[in-house]
2 protein chains.
Amino acid sequence: MTQAFSTKHRILGAAEELFARHGFGSTSLRQITSHADVNIAAVNYHFGSKENLVEELFRRRMDQMSTDRRNALQKALSDKDVTLESVLRAYIEPALQMGRKHNGGHFVRILARAYAEQNDRLRKFLSENYGSVQRDFAKAIDQVRPGLSKEQMYLRLDFVAGALTYTLSEFGMVKRAAGVSEAQHLDKLTDTLISFCSAGFKS
Amino acid sequence: MTQAFSTKHRILGAAEELFARHGFGSTSLRQITSHADVNIAAVNYHFGSKENLVEELFRRRMDQMSTDRRNALQKALSDKDVTLESVLRAYIEPALQMGRKHNGGHFVRILARAYAEQNDRLRKFLSENYGSVQRDFAKAIDQVRPGLSKEQMYLRLDFVAGALTYTLSEFGMVKRAAGVSEAQHLDKLTDTLISFCSAGFKS
DNA sequence: GTCTATAACCTGATAGAC
DNA sequence: GTCTATCAGGTTATAGAC
């Protein structure tokens with residue numbers, strides 16, 4: 001019992017890093033347990049199977065990000081001067097800040113992997129558990145910027161999610177320059193993305 | 001010799017479908033050859049290794065898409081009434097049309113996977129071979145819409161690529177409605193994305 | 001809760017017959 | 001160019017001692 005949390009936590013941490021780097025299929029439980037410095041059998045003891053480990057890992061991070069987004073949205077809406085920009089910020093900033101606030105920098109890349117996945121189980125899990133966040137933001141955007149059809153609204157929200165994820169996976173051409181701190185880089189990225197997307201929503 | 005192309009082609013086709021569905025690491029050569037109805041040893045005979053198979057597969061599709069984009073860009077620039085919208089269309093439309101023109105519908109999902117990959121070899125391969133296309137588009141956008149710094153330009157191009165890929169991987173909330181044809185759906189998607197992104201570039 | 005040992009199986013790759 | 005057979009090593013999962 002005393003080490004239970006520690007071991008479980010270490011497994012989750014190592015799994016997150018390795019899944020982000022090499023993907024689910026290419027990462028073996030042996031690599032994970034070796035990296036986490038725990039026994040191979042611990043995975044099955046604590047999670048039951050590799051598939052369950054993936055799901056717990058997803059749940060942990062998505063809950064964090066969704067909570068952050070909801071809180072930020074509520075705060076934005078409670079302001080009298082709520083704008084499209086402030087609503088979009090509530091959606092974008094929590095994702096971009098995940099890495100620093102929760103030490104979850106690897107998760108965004110895992111999320112990017114999930115997008116490419118045709119895995120019905122994973123898609124259903126995500127849509128059932130976190131689809132309501134998207135709907136809340138759609139509602140909020142409709143308040144500050146009415147007139148978009150439901151289809152146009154969700155299409156544009158998909159564009160935002162795509163631009164956000166792609167940027168976060170650090171695949172694109174823009175890398176952080178040598179003299180710029182991580183925080184500065186993220187701030188500039190956030191601002192540019194918000195202004196890009198709010199212009200897009202107004203189009 | 002007589003069957004060489006056929007076998008090679010069948011392997012590439014099956015690999016593309018399965019890599020898109022399950023990822024590189026989770027797809028075995030046995031699954032591929034069984035799906036392609038060829039002998040397991042044929043992969044090594046024709047490609048040498050799994051890694052080479054992946055690279056040939058990438059090269060085949062990326063060459064198609066890059067050529068289509070370059071041609072479309074040249075055509076757009078040769079028009080006296082070239083606009084930001086027409087340049088963005090030259091970037092976006094070839095990707096969205098890949099599935100229908102070249103029967104490469106699976107490839108966009110593979111590309112989305114590649115984005116999430118931290119595989120240095122793959123990243124280097126893509127950036128070395130196809131980075132010039134991005135640069136050509138950056139130059140073209142600067143002609144029709146001057147003023148963006150190099151960093152801001154590439155940042156926004158990354159947003160476009162992200163929104164495009166995400167949309168193409170059919171992960172988002174917007175699905176094609178029952179009464180709408182694939183072609184109509186793609187056309188609407190293209191137009192919305194172009195207007196979203198050109199507004200973003202003007203912001 | 002943690003460990004070792006092992007079962008049962010799948011993996012990429014290749015040698016060699018045809 | 002295509003096949004079978006096989007290698008060496010990796011995989012998840014679990015039984016059972018501590």
Side-chain angles (χ1 to χ4, degrees), chain A residues 1-60 110 113-114 117-122 125, chain B residues 1-60 110 113-114 117-122 125:
Chain A
M1 193 69 164
T2 55
Q3 291 283 41
F5 172 78
S6 170
T7 295
K8 218 179 152 174
H9 195 262
R10 288 224 301 286
I11 293 173
L12 281 170
E16 196 163 74
E17 184 177 337
L18 292 169
F19 283 152
R21 218 191 295 279
H22 308 296
F24 301 117
S26 306
T27 304
S28 70
L29 295 182
R30 281 181 154 77
Q31 288 175 287
I32 293 170
T33 52
S34 146
H35 198 267
D37 205 30
V38 302
N39 189 273
I40 165 78
V43 171
N44 266 277
Y45 178 79
H46 287 287
F47 298 95
S49 70
K50 186 180 181 179
E51 210 173 19
N52 281 353
L53 167 61
V54 171
E55 199 165 307
E56 269 212 47
L57 189 153
F58 248 95
R59 195 185 302 278
R60 181 174 75 149
I110 294 185
R113 279 181 190 282
E117 206 79 25
Q118 246 182 348
N119 183 335
D120 285 339
R121 189 186 160 185
L122 180 59
F125 167 75
Chain B
M1 194 68 163
T2 55
Q3 292 281 42
F5 173 78
S6 171
T7 295
K8 221 180 152 173
H9 195 262
R10 287 222 301 286
I11 292 173
L12 280 171
E16 196 161 74
E17 184 177 336
L18 292 170
F19 283 152
R21 219 193 292 281
H22 308 296
F24 303 116
S26 307
T27 304
S28 70
L29 295 182
R30 283 181 158 78
Q31 288 175 286
I32 293 170
T33 51
S34 145
H35 197 268
D37 205 30
V38 303
N39 190 273
I40 166 78
V43 171
N44 266 280
Y45 178 78
H46 287 288
F47 298 94
S49 70
K50 187 181 180 178
E51 212 172 17
N52 281 354
L53 167 61
V54 171
E55 200 164 306
E56 270 212 44
L57 188 154
F58 253 95
R59 193 184 303 278
R60 182 176 72 150
I110 294 185
R113 280 183 189 281
E117 206 81 24
Q118 247 185 346
N119 183 333
D120 284 341
R121 188 186 161 186
L122 182 58
F125 167 74

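Just so you know, these numbers use all the heavy atoms, side chains as well, and skip hydrogens, waters and symmetry mates. Being a predicted model, the structure only gives us computed values, none of them experimental. Lettering follows sequence order; numbering is per chain, from 1.
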Minimum-distance pair of heavy atoms, taken over all atoms of A:Ile32 and A:Ile11:
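Heavy atoms only, the tightest pair is CG2-O, 3.8 Å.
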Might you point out which heavy atoms bring B:Ala14 and B:Ala36 nearest each other, and give the distance in Å?
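It is CB-CB, 3.7 Å.
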Below 4.5 Å, heavy atoms only, C-beta onward: do [X] and [Y] meet side chain to side chain?
X: B:Phe24; Y: B:Ile110; result: yes
X: B:Val43; Y: B:Lys50; result: no
X: B:Phe47; Y: B:Glu55; result: no

Looking at A:Arg60 and A:Glu56, is any side-chain nitrogen of the basic one under 4.0 Å from a carboxylate oxygen of the acidic one?
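No.
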If I take atom [atom1] in residue [X] and atom [atom2] in nucleotide [N], what distance separates them, rounded to the nearest angstrom?
X: B:Asp37; N: D:dC3; atom1: CG; atom2: P; result: 9 Å
X: A:Ile11; N: C:dC3; atom1: CD1; atom2: C1'; result: 13 Å
X: A:His9; N: C:dG1; atom1: NE2; atom2: C1'; result: 18 Å

Taking salt bridge (charged side-chain N to carboxylate O under 4.0 Å, His left out) as the definition, give me every residue that meets it alongside B:Glu17, ordered by chain and number, with sequence neighbours left out.
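Once residues adjacent in sequence are excluded, the partners of B:Glu17 under the salt bridge (charged side-chain N to carboxylate O under 4.0 Å, His left out) criterion are B:Arg21.
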Compute the angle between the rotation axes at the two ends of the helix from C:dG1-D:dC18 to C:dC18-D:dG1, each taken over five pairs, rounded to 10 degrees.
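The angle, to the nearest 10 degrees, is 0°.
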Does C:dG1 have OP1 or OP2 sitting under 4.0 Å from an N or O in the side chain of A:Asn39?
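It does not, given that no N or O in the side chain of A:Asn39 lies less than 4.0 Å from OP1 or OP2 of C:dG1.
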Between C:dT2 and A:Thr7, is there an OP1 or OP2 to side-chain N/O distance shorter than 4.0 Å?
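Yes.
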Over 60° means perpendicular and under 30° means parallel, so classify the ring planes of A:Phe125 and A:Phe58, tilted if in between.
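Rings of A:Phe58 and A:Phe125: perpendicular, as their planes differ by over 60°.
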Along nucleotides 7-18 of chain C, 5' to 3', which nucleotides get a B, which get an S, and which get a -, given that the test is a protein heavy-atom distance under 4.0 Å?
----BBBB----
